[in-house]
Amino acid sequence: MTFTPTELEVEGAQGGEAARDNAPPSPPASGRRLARAFLKDRAALACSVYILLVLLMALAAPLIVKLSGWGPYEFDQSAVDPDMAGLPLGAAGGMGAEHWFGVEPGSGRDIFARIVYGARVSMTIALSATVLTSVLGVVFGLTAGYFGGKVDMVVSRVMEFLMAFPALIFMIAVLSALPAENRQFLLVGVISFFGWPYLARIVRGQTMSLKEREFVEAAKASGASSGQIIFKEILPNLASTIIVMTTLAVPGYVGTEAGLSFLGVGVVPPTPSWGQMIASSVPWYAVDPAYFLIPGACLFLLVLSFTVLGDRIRRLAETGGARA
Amino acid sequence: MIKKATSAAAAAAATALLLTACTGGPSDSTGGAGDDPVAGGTVHMLQNADFSYLDPARGFDGGVNAFYRLIYRGLTMQAAGDAEDPNAIVPDLAESLGTASEDGLTWTYTLKDGLKFDNGDPITAAEVEFGISRAWDPEIGIGSPWLKQTVDAPEDYAGPYQSGDHPGIETPDEHTIVFHLIEPFPEFDNVLAQPNAVPFPVGSGAGDEFINDVIASGPYTLDTYTPGSLIKLVRNEHWDADTDDVRKAYPDAWEFEIGLEAATIDERLLAGQGTDVNAIAGKIQAATLPRVQTPELQDRLIASPAFCTTYMGMNTTKAPFDQVEVRQAVNYALDRASIQTASGGTQLADPATTIIPTAVSGHKDFDLYPSEDYAGDPAKALELLAEVGLEDGFSFVLDIRAQPSMQAQAEAVQEALKAINVEVELNVIDTSTYYETIGTPSQQSDAAITGWCPDWASSASTMVPPLVDGRLITEKGNTNLAQLDDAAVNARIDEIKAIADLAEANVQWGEFDEEVMALAPMAPLVLEKGLFLPGANIAGYHPSTSMTDLAIIGLKDPSQG
């Protein structure tokens, strides 16, 4: 939920340094060899399959709920017991042929449909925030690292300010003060605003070391412009770092969105979101554990998948597929 | 202000219609471990939120009003929670209820003998006048507005600390106190039962003096106060039971444990371990209901009817709610059964079709927008919309509080109105600024869901008028969310308020309720009842969703816990 740099990110920074010493400046391994190594890695494969499944769910949500028969907003009063505070009828929170994952207490809304639509929210926000932070992080990191001097000082101070800022508290305050419309855009904006310095710092560090290398000197000597050097010489060498960092950032943003929704400042109801589902299931944990377990498990698996996948990709990138 | 009493934590409240438990009266008391309260022990109250203020001139909500009853006394008070009519007003410090003059403008009360504060000083007419006049202090008098609205005072009177004696209250001798009113107010006894009409020693309580300490006149006084965590009350040795017909004050002490999560409170009451056998709390959460089905817990469970109506106010100044057909169509289309389930089901809520709740005097049973099993009648609603050319629907913004139960209600409204092509956009507002936002006409959206409770349940005069009186629309703190300003409605309010016969007035309020609902400025949604789970050793407990009478609660066996 917060943006504390993880162990992985710190390692990532060091990994970059290490890569400089023992890897040639060109991409370290052929794509085919990496793909083969990746396919042999069962954990990475399982994670990718789950992530693809969630992505598919998010993309095809309207079709899937047509298949299951219940929309995410449809009330089903016949599935809950009004005499028992709206507890779902039947075992395991009303799971069965009618409602695959059971129903929500009180309203009788279909949990499967809400999970499917909730995946949309989680994925949209997490992926958009990742794209935005990556762009910001790379641009500012490259600029600061390459030009150095005053530019570097300004960018670095801004990054330090943002990283030292109590981001979560600020996000809650901003989101509860701003009007509720377009909450998804706001969430992406706020998350990205505090998220980009983590990538930018690493990019800056690597750029600073790369720009001293011979091939950059050579490019400079042959009259290449700054833009050419940045985009043609330095950026390709940052590719593996950026891929690793962004993959590792996604689970953080999935968690942040869920956390903000859990705290009641996320997406506006009745739009389903996993974090919101977990929040509303808390009082029901004792009598309807399924209501808590399903969104909890989905969220856990998604975060775990992205984290494991990011970790595996990092290892592959470092070793060039020699060992996975 | 009083609307806040509907929030879950503050629902710990008063005048109960007794439904179960506590069989028989004092006559069949057998002593020992019977079912009747005996003197001694400590009663624990578990609650989430701290009381708003210890100073009764400042605090004004269901939870704190119940607490004030233990430490303060007024000239009159609401009857005991186990009385035949717990909504009734009975004398407290006064010998009898007030005597009004012929023109209804002068009310006279006579004090009992032997009344004392917790410091031993006597309570005379001067102290009563002083305590009551604190309500006019601009900084302190932020509680119940009724004294200021009824007792005659010069425009520039600013309380005893700034302006001295109250010109509208006379004290001809030590035992007599006379009030001069702005205009006749037949229910003036109710005004003096408000929490801010209590005596204080002359000159005390200026500024923040009563923020952390109090001068008690009731059976208990403050022992320790740790804001946000603990309030401990011990007996006030100077309180004389012979002067008090209502308060029983069985336990030797009270402990209010504050800052507990609602779920934690329910868990502790379910488990009932240690001192929790002597504990009470506000109403249980909906999710706890399925867990209280064992015979032992069912025995302890006590139900209380609703004193508040949860409703959706429709802003009549904004299109399309400026058309009565649209507002009526919404009333027809709402699926109150699903809103009921969303509010906790049949045991915790009833569908509401009237503004006045069933438990409040003056309630008249009617349903102008009927449907089978309260499930809504979209066909009828569409007919009405077609009359004004809106059969293709419209969309509006609904203000709701960021609170799960209210969101569930709003989602049920949203779902039901889809059937008549009406799209509802929810505007979730933070709990702390919610009432401020919807009470400011320039900021409120097309509609809002909120609750309203009467300031006293013996009459509907504080139930309907604040919601529909067009002359009460203010720039801030507005209660007329519909912003209905209808000359006929306003005139009718004046007409009923002038009726001196309170029983007749209540009949008229019931009629008035129906007349207002024909205009449909709001859609009553549900009446949220309460289920309370006291500890096994608690007796004499008559919980209420409005204000629980704490003064008659005791322990069956003080040696337990």
Side-chain angles (χ1 to χ4, degrees), chain A residues 70-89 93 103-109 114 172-183 260-272 276-289 291-292, chain B residues 8 261-263 266-267 270 284-293 335 337-349 351 373-375 397-416 418-419 424-433 443 445 531:
Chain A
W70 288 94
Y73 308 119
E74 272 175 82
F75 279 43
D76 182 3
Q77 293 291 304
S78 64
V80 294
D81 181 1
D83 293 332
M84 212 47 88
L87 191 70
L89 292 164
V103 295
E104 196 181 61
S107 61
R109 291 187 294 201
R114 292 186 72 73
I172 295 172
V174 166
L175 288 171
S176 43
L178 289 172
E181 58 235 44
N182 297 328
R183 214 12 112 62
L260 290 171
S261 291
F262 182 86
L263 293 170
V265 293
V267 290
V268 181
T271 313
Q276 218 173 54
M277 288 173 82
I278 294 174
S280 55
S281 72
V282 168
W284 296 91
Y285 80 97
V287 284
D288 185 7
Y291 183 31
F292 172 77
Chain B
E261 283 295 322
D266 286 0
E267 286 297 335
L270 284 169
I284 59 168
Q285 291 186 294
T288 308
L289 187 59
R291 302 174 63 196
V292 292
Q293 303 306 316
D335 178 355
S338 74
I339 303 172
Q340 178 189 20
T341 316
S343 313
T346 51
Q347 294 202 50
L348 292 174
D373 294 330
Y374 300 104
V397 179
L398 175 62
D399 289 334
I400 52 163
R401 194 155 46 139
Q403 192 207 27
S405 65
M406 201 175 269
Q407 282 180 16
Q409 290 165 348
E411 286 168 0
V413 167
Q414 196 175 36
E415 187 61 22
K418 265 186 199 160
V424 184
E425 200 183 307
L426 303 185
N427 179 26
V428 186
I429 301 172
D430 192 65
T431 311
S432 57
T433 55
Q443 287 180 19
S445 304
L531 281 176

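As the structure is a prediction and not an experimental result, all values here were calculated from the model. Values below: all heavy atoms of this structure, side chains included; hydrogens, waters and symmetry mates excluded.
Here the closest non-hydrogen pair linking B:V397 and B:N427 is CG1-CB, 3.7 Å.
For chain A, no part of B:A262 is nearby; none of its heavy atoms comes within less than 4.5 Å. The part of B:Q293 that comes within reach of chain A is its side chain, from C-beta onward, which places non-hydrogen atoms under 4.5 angstrom from that chain. Contact annotation for A:P105: neither backbone nor side-chain heavy atoms come within less than 4.5 Å of a heavy atom of chain B. Neither the backbone nor the side chain of B:A263 comes within less than 4.5 Å of any heavy atom of chain A. For B:E267, the part sitting under 4.5 Å from any heavy atom of chain A is the side chain, from C-beta outward, and nothing else.
A donor-acceptor pair is defined here as one N or O able to donate and one able to accept, closer than 3.5 Å; such a pair exists between the side chain of A:Q276 and the backbone of A:V267. Here the side chain of B:D399 pairs a donor or acceptor atom with the backbone of B:S445 at under 3.5 angstrom.
Residues passing the side-chain contact (heavy atoms from CB on, under 4.5 Å) test with B:Q407, sequence neighbours excluded: A:P269, B:I400, B:A402, B:V428.
Remark: B:Q443 CD is packed, more than 12 non-hydrogen atoms of other residues, nucleotides or ligands lying under 6.0 Å away.
Between A:R109 and B:E415 there is no salt bridge, since none of the side-chain N atoms of the basic residue sits less than 4.0 Å from a carboxylate O of the acidic one.
When each of B:T341, B:T288, B:L289, B:I339 is scored by its heavy-atom pairs under 4.5 Å with chain A, the top score falls to B:T341. Of the listed residues (B:Q340, B:Q414, B:Q285), the greatest number of heavy-atom pairs within a distance under 4.5 Å of chain A belongs to B:Q414.
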